[in-house]
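These numbers come from the heavy atoms of this one structure, side chains and all, not from hydrogens, waters or symmetry mates. Everything numeric here is computed off the predicted structure, so don't read it as measured data.
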Amino acid sequence: MIRSRAVQPLHGLVVIDLTRYLPGPFASRELRRLGARVVRLEPPEGDPLRSLAPTWDRALNAGKESVVCDLKREPELGRALLACADVVLEGFRPGVAARLGVGPADVPETVVYCSLTGFGSEGSHALRAGHDLNYLGYAGVLADTAPALPPVQVADLAAGSLTAVAEILAALIEREHTGRGRRIELSLTHNVHRLVAHRVGGDPLPRLLTGGLACYRIYATADGRWLTVGSLEERFFRRLCELVGREDLVERQYDPAAQEELGNALAEIFAAKPLATWLELFDGEDVSVGPVATLEEAAAEFGTADDGEPVALGAHTDAWRRELGFSA
């Protein structure tokens, strides 16, 4: 993300993050990136992500503060911390936060309180356990590509984290006018269905962007690498065919009956040379073709340096307890 470090629109705001694993921590990381002070309220054993995926935990939570609190034994500490918040993020199953004494009714009316849920707080699925893959399955997102696993957690990160950030920012703007916070409840399943809902009425061609068109696929190259071909526009596909010496393929670009034959022809073409050769050929050309980069290659070109340090579990507990009037 390209953004001036001098621009910190959320500077001075405090976010208390009660969430665990992926969606909530990703959201609070984005709020921290925008300048907010983020405090993780963790159980005595810590966020399970610390032990399950330590490198992920460091990437998502570096630079945040960590306060340990057993909410079942000391809910008043949790409430006192939440009283200092501008924003609260929680990801318990519906009703659990309230039972622990840190629900939306337990915070000042100025707080923007955001709950991340799998299915919302009502309906037959409300209390159902689930993870990203389950939400994608329920939402119809996987219908074209199952049993292949999606390479990124779209329900968690797009329908959950980024939607939470957008809703929180809108609520903070609203608070500037009203002086009041807002209660936000997000269903990852409902939100991720919105990402495919435009397809419910049908695709212009079957599986338009999920493998149905030969001009929009991923092809193997001679060196075991992969090439992304996204030449949807006629002029892009025409130029691609010219460059590979197969102008005869152009007229069949959108013919439903020709997609298998066209795909086989393109697969044979791209399998004949290594990835670097194809990238050199297409460089500077309007063909919408690119590599399947490794994570390391992508990080080297597009990654941004993390400006936060890893934080030990409970590193800020004593300081916050003193500030809030609790014994250390």
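At distances below 3.5 Å, not a single donor-acceptor pair connects side-chain atoms of Q253 with backbone N or O atoms of V250. Here the side chain of R225 pairs no donor or acceptor atom with the backbone of P291 at under 3.5 angstrom. The backbone N or O of V287 sits less than 3.5 Å from a side-chain atom of S231, completing a donor-acceptor pair. Formation of a donor-acceptor pair under 3.5 Å by the S28 side chain with backbone atoms of D17 is not found in this model. Using a distance-only test at 3.5 Å, with no hydrogens or angles considered, a donor-acceptor pair links the side chain of S161 to the main chain of P23.
Looking at every heavy atom in both residues, S187 comes nearest to G120 through CB-N, 3.5 Å. Residue V192 comes nearest to A155 through the heavy atom pair CG2-CA, 3.9 Å, listed as atom of the first residue, atom of the second, then distance. The heavy-atom pair separating R93 from A129 by the smallest distance is NH2-CB, 3.3 Å. Here the closest non-hydrogen pair linking T19 and G91 is CG2-N, 3.5 Å.
N61 is not listed as a side-chain neighbour of V311, based on a closest heavy-atom distance of 4.5 Å or more. Considering only heavy atoms from C-beta on, R180 stays 4.5 Å or farther from R175 through its side chain. In this structure the side chain of C84 reaches within 4.5 angstrom of the side chain of W320, judged on heavy atoms. Looking at heavy atoms from C-beta onward, R50 lies in side-chain contact with L313 at the 4.5 angstrom threshold. Residues L49 and L60 meet the side-chain proximity criterion, which asks for heavy atoms closer than 4.5 Å. Side-chain contact between L162 and F26: present, with at least one pair of heavy atoms (C-beta onward) separated by less than 4.5 Å. Contact annotation: the side chain of L136 approaches that of P150 to within less than 4.5 Å [non-hydrogen atoms, C-beta and beyond].
E167 and R182 are joined by a salt bridge, as a carboxylate oxygen and a charged side-chain nitrogen come within less than 4.0 angstrom of each other. Salt bridge present: D248 and R246 bring a charged side-chain N and a carboxylate O closer than 4.0 Å. Using a 4.0 Å cut-off between charged nitrogen and carboxylate oxygen, E280 and K273 do not count as a salt-bridge pair. Under a 4.0 Å N-O distance rule, the pair E261/R252 qualifies as a salt bridge. Using a 4.0 Å cut-off between charged side-chain N and carboxylate O, R40 and D57 make a salt bridge. With respect to R199 and D203, a salt bridge is recorded, a charged nitrogen being found less than 4.0 Å from a carboxylate O. Using a 4.0 Å cut-off between a side-chain N of Lys or Arg and a carboxylate O of Asp or Glu, R235 and E233 do not qualify as a salt bridge.
Under the side chain to side chain contact (heavy atoms under 4.5 Å, CB included) test applied with L81, the options L18, V88, L324 reduce to a single match, L324.
Atom CD of E242 has more than 12 neighbouring heavy atoms from other residues, nucleotides or ligands inside a 6.0 Å radius. Heavy atoms from other residues, nucleotides or ligands lying under 6.0 Å from CD of E285 number more than 12. Dense packing is recorded around CD of E76, with more than 12 heavy atoms of other residues, nucleotides or ligands lying under 6.0 Å away. For H190, the NE2 atom counts as loosely surrounded, since its 6.0 Å shell holds 12 or fewer non-hydrogen atoms of other residues, nucleotides or ligands. Residue F326 places its CZ atom among more than 12 non-hydrogen atoms of other residues, nucleotides or ligands, all under 6.0 Å distant. Annotation: R194, atom CZ; neighbour count of heavy atoms from other residues, nucleotides and ligands within 6.0 Å does not exceed 12.
Using cut-offs of 30° and 60° on the angle between ring planes, the pair F270 and Y219 is tilted.
Aromatic rings of H125 and Y138 (six-membered ring for Trp) have centroids within the 6.0 Å cut-off, being under it.
Side chains of E185 and T117: a donor-acceptor N/O pair is absent below 3.5 angstrom, by distance only. Side-chain atoms of S115 and R183 include a donor-acceptor pair closer than 3.5 Å.
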